[in-house]
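I have placed the structure first, in the form of structure tokens, so that the comments after it can refer back to it.
For the single chain, residues carry numbers from 1 onward in sequence order.
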Amino acid sequence: MGSRRLRGPGAGGAMVAAITLAMTGCTHVSDWEARSEVEDTLRQIGDASLDRYRPPAPVDAEAIRTEPARALQQTGLAASAMAESPDTFRLAMSAELGTMPALGAAGPVPDGFAPWWQPVVERPLLGNRETSEADVEALYLGALAHSAQVRVFQDIPLIRETAILEAEGEFDPHLFAEARFRHADEPVGSTLQTGGPDRFRENEWRARAGLRKRTFTGAEIEASQRIGGIDNNSVFFLPDDQARSQLALTITQPLLNRAGMEYNRATVRVARIDHEISLSELQRQVESHLLEVSRAYWSLYLERGLLAIKTRLAGETGKLLETLRARRRIDALESQIVQARAALAAREADTVRAAAAVRNAEARIVALVNDPALRMSDAAEIVPTTSPSLAARPVDVREAARHALEQRPEIDQAVNQLRAGMVRLKMSENELRPVLDLVFGATWDGLEGDFSYGRSLRTQVTEGGPGLSAGLILDVPLGNRTARARHERRRLEVRQLTSQLAATVETLMLEVQVSTREVQTAHRELTARYHEMQARAEQLASIESRGALSAAAGRPMSTVLDDLLDAQEDRAEAEQSFLRAVVTFNVAIANLDRAMGVLLQARGLEPVRGMGDGELPTLQFAPRG
């Protein structure tokens, strides 16, 4: 079955549209309409850098730049440089971002370093069970293909798309037909009515069929053909058994209220904008879901690493206990054996809890991804195969902010919501006008006796000329409070949406700052934890060496037992801290990608329209191209 790709508004173009709206004030309808092509023109620039975002001809860029004071006052975006150019606006929005301090003086993690638990984590840990290998990218694709939550998001644009057809359907032509029969039997109050009979009796039937259509200018056009027969007992009724026909054309064209293509196409424009908003919402929701998948993956990696560390610690404690038991008759005290046994029991209990945490992390991945290949069972184990990144990721906060302004779907949503608000505002402005309609009609009539319907239809156009009518309908509501209240509401909504656009930009800039700072902070912590782990390992090795020398020299083991147990615990805690720092760093990287809006773009994924079961359309994410 065929498929086609759906492309939402370019995110970079959305930022330019936001800038244009801000610079023009976007609360005065006439100003906006004078520049109605600005946004569509700028959107064609696509994914070019912000430095290239300048209004191309034939847009009157100079006119835009001459209104900074009013624009700033109306929009509330307190950045005086905004009115100069899109480039200046970009710099103004990122001026407060600052730069991150340099990394600490501690040496970096050596290139190619891999902790001892890395190969352990990437192989089965929980006994003889079935295994499913999973890396981050495979989980992303699995979630996009199978997640029930993603399917919920994917249906939103399809539902909104039906509103476009619904709005366009208002201009579909309508066929109509009607038929009636009437029998009259009533007393006569005047001999002029019947010419003699004391009761007036009449039989009449008529049928009408035709076509009516509403046009984009607001005109209502109706063409119809009527035919019927009538007969009564009046002596004045000539000819008898009359066959009547009429071909009619009626046109009603609004001249003020509800007039013009702009007003009548407004509902279609709003529906299309809502569809674009839904595509942006799909991207936002899917990227948030993929971020949760990434967090779940690294949570599983963390829990498996903690289980490996705690299992090794318990194993070392068990060996120490065996050593003490072997030296029971030499220098090991019973209290020391009991102490070691208690430490072993506590550490084995930690492994039980760690194993349960691994199972819980697996269950969360299964719930998020919903891939049949990852179905949860007691005999299954999910083995992560993506190794964590330990290398520093230099990030310039301004560059990250630029990506966010170009790529984040929230910008598209805010801009499109403002566009829809402007369309509704223009509609309400039109509705402030009085109703003045031009009405035109033309009829062609036929009349024959003996129920000669065929001759009646023929003579309606061959004999005589059409009857014509024309007129005006005027309706002026006194006070017009309904339309005025609606117009004021639309103006308030536009002002609110303008502020919402500014708030969205500010929120995204905050997210970028926090995400960038977290990546750099997490890596500095990772480096510090690495050195702590190395120091704790050296400390344990020193104590173990001292214990061996003590045994060789015949000195009692009691002199090093407490230090040995504490050093083992300290080294394990340092390893766990390093592992958590590694996971935090990798989650921070994924969160930064999401903050910049490139979580899907970096993988070349976009929604593709297809056809599913029941002949219903579907959206599936597939590689671009």
Does the salt bridge (charged side-chain N to carboxylate O under 4.0 Å, His left out) test come out yes or no for Arg325 and Glu322, once each step is laid out? CA-CA 5 Å; Arg325 285 173 175 170; Glu322 292 301 319; 3.3 Å; yes

Looking only at heavy atoms, the pair that brings Arg347 and Thr317 closest together is NH1-OG1, 2.5 Å

Within the supplied structure, the quantity of interest is the number of heavy atoms (other residues, nucleotides, ligands) at a distance under 6.0 Å from Glu133 CD; does it exceed 12? no

Kindly say whether Ala595 contributes a backbone atom to a donor-acceptor pair with the side chain of Arg408 at under 3.5 angstrom? yes

Taking Val150's backbone N and O only, do any of them form a donor-acceptor pair with His289's side chain (distance below 3.5 Å, no angle check)? no

Heavy-atom check, side chain of Thr351 versus side chain of Leu313, under 4.5 Å: no

Passes side chain to side chain contact (heavy atoms under 4.5 Å, CB included), Gln520 versus Thr516? Steps please. CA-CA 7 Å; Gln520 298 179 350; Thr516 304; 4.2 Å; yes

Answer yes if the side chains of Ser288 and Arg594 hold a donor-acceptor pair under 3.5 Å, and no otherwise. yes

Any Gln413 side-chain heavy atom under 4.5 Å of Glu281 side chain: yes

Measure from the side-chain N and O atoms of Asn586 to the backbone N and O of Ser389, and report whether any donor-acceptor pair falls under 3.5 Å. yes

Show the numbers, then the answer: is there a side-chain hydrogen bond (donor to acceptor under 3.5 Å, both in side chains) between Gln539 and Arg536? CA-CA 5 Å; Gln539 177 188 20; Arg536 293 297 186 184; 3.1 Å; yes

Atom pair CZ/CG of Arg353 and Leu306 - distance to nearest 0.5 Å: 13.5 Å

Short N-O contact, Glu575 and Arg529, less than 4.0 angstrom: no

Any donor-acceptor N or O pair under 3.5 Å, side chains Gln339, Asp562: yes

Let's go through Ser299 and Arg364 carefully: what are the C-alpha distance in whole Å and the side-chain angles of both, what is the deciding distance for side-chain hydrogen bond (donor to acceptor under 3.5 Å, both in side chains) to 0.1 Å, and is it a yes or a no? CA-CA 9 Å; Ser299 177; Arg364 176 157 178 75; over 6 Å; no

Roughly how far, to the nearest 0.5 Å, is the CG atom of Leu526 from the CG atom of Leu579? 10.0 Å

If you measure from OG1 on Thr507 to CD on Glu410, what distance do you get to the nearest 0.5 Å? 9.5 Å

Show your working on side chain to side chain contact (heavy atoms under 4.5 Å, CB included) between Leu302 and Arg580 and close with a plain yes or no. CA-CA 7 Å; Leu302 171 64; Arg580 289 190 178 93; 3.7 Å; yes

Counting C-beta onward and ignoring hydrogens, is there a side-chain heavy-atom pair between Gln568 and Ile543 closer than 4.5 Å? no

Between CZ of Arg571 and CD of Glu316, what distance do you get to the nearest 0.5 Å? 4.0 Å

Just do the side-chain hydrogen bond (donor to acceptor under 3.5 Å, both in side chains) check on Gln500 and Gln417 with the steps written out, would you? CA-CA 9 Å; Gln500 181 61 44; Gln417 286 168 355; over 6 Å; no

Given side chains that start at C-beta, do those of Val293 and Ile365 come closer than 4.5 Å, heavy atoms only? no

For Gln496, all residues meeting side-chain contact (heavy atoms from CB on, under 4.5 Å), sequence neighbours excluded: none

Charged N-O contact under 4.0 Å between Asp593 and Arg393: yes

Examine distances only and state if a side-chain atom of Thr521 and a backbone atom of Arg517 form a donor-acceptor pair shorter than 3.5 Å. yes

Atom OG in Ser577, atom CD1 in Ile309: separation rounded to 0.5 Å? 9.0 Å

When rounded to the nearest 0.5 Å, the distance separating CG of Leu282 from CD of Glu606 is 11.5 Å

Decide yes or no for Phe153 and Arg284: does some side-chain heavy atom of the first lie under 4.5 Å from some side-chain heavy atom of the second? no

Sidechain-backbone polar pair: Ser294 side chain, Leu290 backbone, donor-acceptor under 3.5 Å: no

Closest non-hydrogen atoms of Ala340 and Leu321, given as atom of the first, atom of the second and distance, are CB-CD1, 3.9 Å

Quick check: closest heavy atoms across Pro623 and Leu605, and the distance to 0.1 Å? N-CD2, 3.8 Å

If the threshold is 4.0 Å, N to carboxylate O, is there a salt bridge linking Glu161 and Arg609? yes

Check the pair Leu300 / Glu362 against side chain to side chain contact (heavy atoms under 4.5 Å, CB included), numbers first and verdict last. CA-CA 6 Å; Leu300 175 61; Glu362 291 176 337; 3.6 Å; yes

Does any donor atom in the side chain of Ser387 or Glu122 lie under 3.5 Å from an acceptor atom in the other side chain? yes

Residue of the set Val358, Thr131, Val366, Leu139 for which side-chain contact (heavy atoms from CB on, under 4.5 Å) holds with Ile382: Val366

Are Arg328 and Glu334 close enough that some pair of their side-chain heavy atoms sits under 4.5 Å apart? yes

State whether the side chain of Tyr140 and the backbone N or O of Leu599 hold a donor-acceptor pair below 3.5 Å, judged by distance alone. no

Check whether any side-chain heavy atom of Pro388 lies under 4.5 Å from a side-chain heavy atom of Phe585, and answer yes or no. no

Using side-chain hydrogen bond (donor to acceptor under 3.5 Å, both in side chains), reason through Asn370 and Ser147 one step at a time and then give a plain yes or no. CA-CA 5 Å; Asn370 202 34; Ser147 171; over 6 Å; no

Where do Pro157 and His275 come nearest, in terms of heavy atoms and distance? O-CD2, 3.1 Å

Check ion pair Arg419-Glu276 (N to O, under 4.0 angstrom): yes

I'd like to know if the side chain of Glu381 and the backbone of Leu125 have a donor-acceptor N/O pair within less than 3.5 Å. yes

May I ask you to check if Arg304 and Trp117 form a cation-pi contact, with NZ or CZ under 6.0 angstrom from the six-membered ring centre and within 45° of the axis? no

Minimal heavy-atom distance between Ala355 and Leu307, with the atoms involved, is N-CD1, 3.9 Å

Side chain to side chain contact (heavy atoms under 4.5 Å, CB included) assessment of Val383 paired with Arg123: CA-CA 6 Å; Val383 178; Arg123 66 170 182 259; 5.5 Å; no

Min side-chain heavy-atom separation Leu158-Thr162 under 4.5 Å: no

Closest non-hydrogen atom pair, His523 against Ala391: NE2-C, 3.5 Å

Check for a donor-acceptor pair, side chain of Asn416 on one end and backbone N or O of Asp412 on the other, with a separation under 3.5 Å. yes

